[in-house]
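Report on the following structure.
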There are 2 protein chains.
Amino acid sequence: MSIKVAIVEDSTRVRESLAALIGGSDGFRCVGTFPNAEAALAGIPKEWPDVILMDINLPKMSGIECVSKLKVLRPALQIIMVTVYIENEKIFQSMVAGASGYLIKQTPPAEILEAISDVHRGGSPMSSHIARKLVQYVAQVAQVARPAEKMELSPREHEILCLLAKGYQYKEIAESLTISVETVRTHLRNIYEKLHVRSRTEAVVKFLEQKGT
Amino acid sequence: MSIKVAIVEDSTRVRESLAALIGGSDGFRCVGTFPNAEAALAGIPKEWPDVILMDINLPKMSGIECVSKLKVLRPALQIIMVTVYIENEKIFQSMVAGASGYLIKQTPPAEILEAISDVHRGGSPMSSHIARKLVQYVAQVAQVARPAEKMELSPREHEILCLLAKGYQYKEIAESLTISVETVRTHLRNIYEKLHVRSRTEAVVKFLEQKGT
DNA sequence: CTCGGGATACTACTTTCGGGGGATAGGGAA
DNA sequence: TTCCCTATCCCCCGAAAGTAGTATCCCGAG
């Protein structure tokens with residue numbers, strides 16, 4: 001059973017050469033070519049392909065949005081984004097929309113076919129350069145969720161941190177506790193040190209995380 | 001200039017065959033082999049390699065923890081995790097710890113060398129299977145964060161708010177998104193307006209609350 | 001008793017924020 | 001086309017936050 005592929009690409013030349021590549025290769029079958037997202041949304045549901053090669057930059061509706069809509073209709077669709085150059089933002093947007101792979105247009109024919117069967121097998125073909133971006137993103141996001149080590153705050157410090165977490169300013173905290181702003185500063189300085197943070201925002205985030213735990 | 005590689009691997013056979021492969025290939029030089037994390041932490045700082053092949057499962061201290069410690073000492077270190085089979089959790093932990101690539105032990109020699117030079121060039125060599133896991137993770141994370149924006153924040157604003165919630169300063173947000181501080185300030189003003197708050201702390205608290213919901 | 005930690009307070013200084021203006025380019029809606 | 005929204009960028013300015021060093025008072029542990 002050959003893999004059914006559809007192509008969404010506004011450049012006629014690229015579209016036809018891709019179609020020729022796929023149509024002329026064993027194990028692949030081109031079941032549709034579309035010059036824009038609108039045509040794709042209208043035509044693809046008529047004969048669902050296994051894999052779609054989707055240009056990112058399409059006139060009017062972008063390829064990314066098109067992916068979103070198609071994925072809603074058929075989540076099992078495997079989609080490879082195709083573009084001329086690497087755009088970090090669009091990579092992420094594509095991933096979020098539901099695309100699985102990412103190809104540069106000048107990719108050699110053999111690799112394009114390899115990517116198609118790869119994504120069909122459940123992989124995510126992409127250059128290692130793009131993969132690096134993903135790795136960095138994951139590492140960054142996970143940093144936030146990292147468990148915060150809790151530290152022994154004195155009752156007074158805890159009290160002040162609570163007020164801080166309500167968005168109070170130094171002045172307001174001072175008034176509310178009937179102490180001077182300077183004292184608030186001193187406490188905050190100690191709190192920051194204990195929590196290993198450098199700003200009220202970080203302190204509040206840690207505080208709320210711990211509270212929720 | 002050849003790429004200096006160190007190997008951390010408890011199996012003597014695997015370690016030596018990797019060392020032989022690297023030592024016997026043009027453009028690569030093996031500058032150290034270690035049977036465990038402790039030895040690696042002691043020996044690697046003596047002659048910093050460019051790339052480290054790190055076994056994930058080591059006796060006592062895990063390869064992941066070893067990566068963390070080494071990365072602190074030298075963030076520029078490029079590390080490829082090596083393991084016998086794919087373990088999702090460990091992949092993510094490794095990424096968070098600071099590893100860039102991920103190899104299965106039975107990878108052909110040529111691909112191992114390719115992966116080393118790849119990571120040295122700034123890529124993240126990994127199988128497309130693993131890449132898929134990353135893609136799913138990214139998509140999932142973004143999905144969770146999306147419904148939280150009942151407050152009509154634009155995607156960009158949401159992104160900035162996320163970074164703000166990590167305790168980033170304007171300057172850091174600007175750098176991380178490759179935009180100017182002024183733009184960040186403008187976005188923040190709009191965000192404050194939409195959320196009806198007047199400070200980062202309040203905005204972050206609202207954000208975290210809504211996220212948890 | 002002395003020592004240390006917590007709570008209080010002050011001076012002085014630097015950096016970051018938040019609020020006020022505008023401005024431009026591109027995309028989509030009216 | 002015009003109008004609005006989004007995203008981008010810039011300037012000014014005062015207020016708030018953060019850094020550093022110091023100092024008093026009280027209380028409990030050693």
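Only this structure's heavy atoms are used, side chains among them; waters, hydrogens and symmetry mates stay out. Numbers restart at 1 for each chain; the letters A, B, ... are given by sequence-line order, proteins then strands. Source: prediction; values computed, not measured.
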Just how far, in rounded Å, is [atom2] of [N] from [atom1] of [X]?
X       : N       : atom1 : atom2 : value
L58(A)  : dG27(C) : CG    : P     : 14 Å
L188(A) : dT15(C) : CG    : P     : 20 Å
I173(B) : dA7(D)  : CD1   : C1'   : 15 Å
E193(A) : dT19(D) : CD    : C1'   : 12 Å
N190(B) : dG18(C) : CG    : C1'   : 13 Å
E172(A) : dA15(D) : CD    : P     : 15 Å
E175(B) : dC9(D)  : CD    : P     : 13 Å
R156(B) : dG27(C) : CZ    : P     : 16 Å

- Does some side-chain heavy atom of W48(B) sit less than 4.5 Å from a side-chain heavy atom of L70(B)? yes
- Can you tell if the side chain of K105(A) reaches within under 4.5 Å of the side chain of D55(A), non-hydrogen atoms only? yes
- Task: Return yes if some donor-acceptor pair links the side-chain N/O of S11(A) with the main-chain N/O of V14(A) below 3.5 Å, else return no.
- Result: yes
- Would you say Y170(B) reaches dG18(C)'s phosphate, i.e. side-chain N/O to OP1/OP2 under 4.0 Å? yes
- Query: Is the phosphate of dT19(D), meaning OP1 or OP2, less than 4.0 Å from a side-chain N or O of R198(A)?
  - Reply: yes
- Can S180(B) and T183(B) be counted as having a side-chain donor-acceptor contact under 3.5 angstrom? yes
- 5' precedence on DNA chain D between G167(A) and V181(B) (nearest-nucleotide basis): V181(B)
Between [options], which nucleotide gets closest to the side-chain atoms of [X]?
X       : options                   : answer
K171(B) : dT8(D), dT16(C), dA17(D)  : dT16(C)
T186(B) : dT19(D), dC9(D), dA7(D)   : dC9(D)
Y192(B) : dA17(D), dT16(C), dG18(C) : dG18(C)
H187(A) : dC9(D), dT8(C), dT6(D)    : dT8(C)
K194(A) : dC17(C), dA7(D), dG6(C)   : dG6(C)
R189(B) : dG21(D), dG6(C), dC10(D)  : dC10(D)

- Message: With a 4.0 Å cut-off on N to O distance, would you call E182(A) and R185(A) a salt bridge?
- Response: yes
- Message: How about CZ on R121(A), more than 12 heavy atoms from neighbouring residues, nucleotides or ligands closer than 6.0 Å, or not?
- Response: yes
Using a cut-off of 4.0 Å on non-hydrogen atoms, how would the nucleic acid contact of [X] be classed: base, sugar-phosphate, or nothing?
X       : result
E182(A) : base
S180(A) : sugar-phosphate
S199(A) : sugar-phosphate
R200(B) : sugar-phosphate

